[in-house]
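Worksheet: the structure to be examined is printed underneath.
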Amino acid sequence: MRGARQAIRPVPRLGWLLVAAGLHLLSGCKGPQRVLATEGPAARELADLWWVLIWSTGLPAVLTIGVIVAAVLRARRADKQVEPPSRGEESFILGVGGVLTLLILIGLLFASIRAGNATVRPPSEPAVTVHVTGHQFWWEVTYPEYGVVDANELYLPAGQPVRVVLSSGDVIHSFWVPQLHGKMDMLPGRTHQTWLLADRPGVYRGQCAEFCGIQHALMAFSVEAEPPEAFAARMARMREAARARAGRAGMPGEAVFVQAGCGLCHAVGPRPREGATGTPGPDLTHLASRRTLAAGTLPNTRDALREWILRPQAIKPGSRMPPTPLAPEQLEALLDYLETLD
Ligand code: CUA
């Protein structure tokens, strides 16, 4: 009993906890989710507001602490008691402090109203609409104008605003692409709108920003902005690929897909639809063209896909993908089939 007690580690000191918390906050400055490395007008507005907040609150805080420290040091050094301020001096100090605080707060109010107005509406009418539905723990993405259904990846024409219609198939999620815009919640039974505009072609990381269950942290997506012609060509190619698949002779792996029950949760084929559908699993029509599997969890390779089919609960415990035990030759046939889905 005594030995067991001694084995318990001492709680880290508060100082270390604060250092750890500080370092953790600094992690937002690097990596693919840095909010200050903006790549679009909305994110720029928010970053500017962030700087205004930091300076207008940080500077007075540092000045106040500096004055207090100076006063304490002076009082320590003084041989005799320091004279307290007169009534008039006291009123002056309080008056200046009150007026400055009020001015800063009013300034912040206007700055946040300005940023709010600038981020709520895109600079011009969006030419493209994307529907994004949050599911535990993945993203359904549909382009109604193009008849394309996809998951966990979003494509945009660079330099053009895109309307993003948000909904949820189960619980509350939050749509967030830190380098392009602020967060927008996705509530079950409701539809919200936001917009994205990427200045230039590039790949940006998106992440669910509302705790939605055990795999909230592994609910990521990517946003790829490409030249408008390339975006249009991609949409046309995706729609054609889905159409062509409908008439193609079945591969052996397709039968495995049906027999193993994959098709109960996953759709494959030309199936344009909008908004929340309650589909348990992602549409696999364009699975092979995706960067990642399981919403940003695994690289999209044959080995990773094999592992994901066999042991999803070891990779993403609590996700709704059940393990699918298959004989090796069946599994390889299924993988052959899935690799054709681009
Ligand atoms: Cu979805 Cu957190």
Side-chain angles (χ1 to χ4, degrees), residues 21 24-25 27-28 30-35 40 42-43 46 119 129-143 149-156 162-196 198 203-224 265-267 273-284 286-287 290-300 304 308 311-323:
H24 186 69
L25 285 176
S27 67
K30 275 200 101 183
Q33 281 182 214
R34 36 196 208 287
V35 285
L46 296 172
T119 51
T129 300
V130 187
H131 287 245
V132 179
T133 308
H135 297 274
Q136 283 173 319
F137 302 92
W138 59 281
W139 309 83
E140 180 183 343
V141 180
T142 66
Y143 305 81
V149 184
D150 203 5
N152 303 326
E153 303 198 343
L154 222 140
Y155 294 98
L156 314 173
V162 168
R163 182 184 293 110
V164 185
V165 181
L166 301 168
S167 52
S168 168
D170 38 48
V171 300
I172 303 178
H173 303 275
S174 186
F175 180 87
W176 190 32
V177 190
Q179 287 185 276
L180 299 183
H181 207 311
K183 299 164 185 170
M184 179 64 83
D185 276 3
M186 312 162 90
L187 306 179
R190 298 190 65 163
T191 303
H192 293 278
Q193 271 197 32
T194 185
W195 56 279
L196 292 178
V203 182
Y204 312 103
R205 191 175 196 271
Q207 167 67 40
C208 181
E210 179 70 51
F211 183 74
C212 53
I214 186 168
Q215 290 301 339
H216 155 71
L218 291 183
M219 186 170 167
F221 60 102
S222 65
V223 175
E224 180 169 353
C265 297
H266 298 285
R273 52 194 162 76
E274 290 178 25
T277 56
T279 309
D283 189 291
L284 300 183
H286 305 290
L287 173 71
R290 286 180 203 150
R291 288 191 164 74
T292 65
L293 300 172
T297 307
L298 298 170
N300 191 2
W308 177 242
R311 287 172 277 276
Q313 294 302 319
I315 295 163
K316 203 167 169 180
S319 82
R320 296 174 83 183
M321 170 89 168

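Every value quoted in this text rests on a predicted model; they were computed, and no experiment measured them. Order of appearance sets the numbers: ligands from 1, and atoms from 1 within every ligand. Just so it is clear, the values below take in all heavy atoms, side chains as well, and ignore hydrogens, waters and symmetry mates.
Side chain of S168 to main chain of V171: a donor-acceptor pair is present (N/O by atom type, distance under 3.5 Å, no hydrogens or angles). Using modelled atom types, no side-chain atom of N152 and backbone atom of S222 make a donor-acceptor pair closer than 3.5 Å. In this structure a side-chain-to-backbone donor-acceptor pair under 3.5 Å is missing from Q207 to F221.
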N/O donor to acceptor pairs below 3.5 angstrom from side-chain atoms of residues 174-186, sequence neighbours left out:
from, atom 1, to, atom 2, distance (Å)
S174, OG, M184, O, 3.4
S174, OG, D185, OD1, 3.0
Q179, NE2, A37, O, 2.8
H181, NE2, T119, O, 3.1

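Using a 4.5 Å heavy-atom cutoff, the side chains of W138 and M219 are not in contact.
Inspection of the D283 and H286 side chains reveals no N or O donor paired with an N or O acceptor under 3.5 Å.
Counting only protein N, O or S atoms closer than 2.8 Å to atom 1 (Cu) of ligand 1 gives 4.
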